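Both ligands and their constituent atoms are indexed starting at 1 by order of listing. Side chains are part of it too, since the values below use all heavy atoms of this structure and drop only hydrogens, waters and symmetry mates. Here the structure is a predicted model, which means the values were calculated and not measured.
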Amino acid sequence: MNFNIAVLAGDGIGPEISRQAVAVMKAVCQVAGHRVKFTDALVGAAAIDAVGDPFPPETEKLCLDSDAILFSAVGDPKYDLDPNAEVRPEQGLLAMRKKLGLFANIRPVQAFAPLLHQSPLRAELVAGADFICIRELTGGMYFGEKVETADFASDVNAYSKGEVVRILRIAFEYARKRRKFLTVVDKANVLATGRLWRKTAQEMSTNYPDVTVEYMYVDNAAMRMIREPAHFDVMVTENTFGDILTDEGSVISGSLGLLSSASLGEKTPLFEPIHGSFPQAKGKNIANPLAQILSVAMLFEYFDCPDEGALIRQAVDASLQANIRTADIQAPGVEPCSTTRVGEWIINYIQRR
Ligand code: IPM
Ligand code: MN
């Protein structure tokens, strides 16, 4: 294949983990005989600083003209501490999701065997956990009408049936390819949007007789996820709930630095870690690059290159086995590795296959 990749490294640890993922992708393309071209573009606080816009038109154009986007992270403390800021880095991410029609965010949550004892949850509890959270990404409260005055604020949580149908369709299809068990997570006992989700799922389920559907309130799902994570196969939920539940999901894996995701929709697909810009670690060469590297595996899998995806996953597993790990997941008493050391080890592994 011939890949044209837009690289949006963004802020904080973004550029450091992006560099490792780009190098990994280059190595895999070399081994597998693909051509790849990377083009950098500005996003987030870096883009605000440079051109005053967190998702500038040039970046949008590059994204639209590329086969895929490798996105890292946005966010900067100087904006977090200033609720009155006119423009925020996160707006770049939201604008990008909306403008590129990236309505489906696929977030796999799994336990890694070598890290079972790294999770704050008991090992026997997380062993065998392997599910996908499908988060709606361009609707709900994130994008509903906002009112913000000195003494009042509101965020409207709105979904059209069409928006619900298209995300549920993706969830049913994923379930079909896996263990055929779909959990629809909502708050239908309280929220009108939750009832729309539930009714729509019930209607659609007749078209997927091979998929078993269960309905779960989000508060209950938050509890079940850590009490019995292996229960789930495919979970689908609205934007805000999906944001919250997937950070919780990272506890199952052992670190937020391990979870990757794919954002899919109408235009160019985007691959990203689920974590943020981790500004405290910026420039220290300590950030875990695995979530970003695993997002490259998801990229290959999306383009029907399962062997290339598997090679990356194998290399990541081998690095975990060999204790080539950053501080967030290093075994007790073992010296943690730097971001670049982990990246280089994985590239070396790939080149030796
Ligand atoms: C995520 C992030 C974003 C979100 C932030 C950075 C706006 O937390 O991708 O999960 O809330 O969607
Ligand atoms: Mn989040």
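- Looking only at heavy atoms of the protein, atom 2 (C) of ligand 1 is closest to D243 OD1, 4.0 Å.
- Looking from atom 7 (C) of ligand 1 to the surrounding protein, the closest heavy atom is E90 CG, 3.8 Å.
- Pairing each heavy atom of T240 with each of E238, the nearest pair is N-OE2, 2.7 Å.
- Here the heavy atom of the protein found nearest to atom 3 (C) of ligand 1 is L93 CD2, 3.9 Å.
- Of all the atoms in ligand 1, the ones that sit under 4.0 Å from a non-hydrogen atom of R97 are 1 (C), 4 (C), 9 (O), 12 (O).
- The two residues P89 and I48 make their nearest non-hydrogen contact at N-CD1, 3.6 Å.
- The Mn ion (ligand 2) has an N, O or S atom of D243 inside 2.8 Å of it.
- By the criterion of a heavy-atom distance under 4.0 Å, the side chain of R135, and not its backbone, is placed next to ligand 1.
- Those atoms of ligand 1 that come under 4.0 Å of a heavy atom in Y142, given as number and element, are 4 (C), 11 (O), 12 (O).
- Of all the heavy atoms of N239, none lies under 4.0 Å from any atom of ligand 1, so neither backbone nor side chain is involved.
- Distances from atom 1 (C) of ligand 1 to the heavy atoms of H275, E272, R107 put R107 nearest.
- At least one donor-acceptor pair closer than 3.5 Å links the side chain of E16 to the backbone N or O of G283.
- Here the straight-line distance linking atom OG1 of T237 with atom CD of E136 works out to 10.0 Å at 0.5 Å rounding.
- In summary, the aromatic rings of F3 and F300 are positioned with their centroids under 6.0 Å apart.
- Among all heavy-atom pairs drawn from M298 and S260, the shortest one is SD-OG, 3.5 Å.
- Taking every heavy atom of both residues into account, P229 and V126 meet most closely at CG-CA, 4.2 Å.
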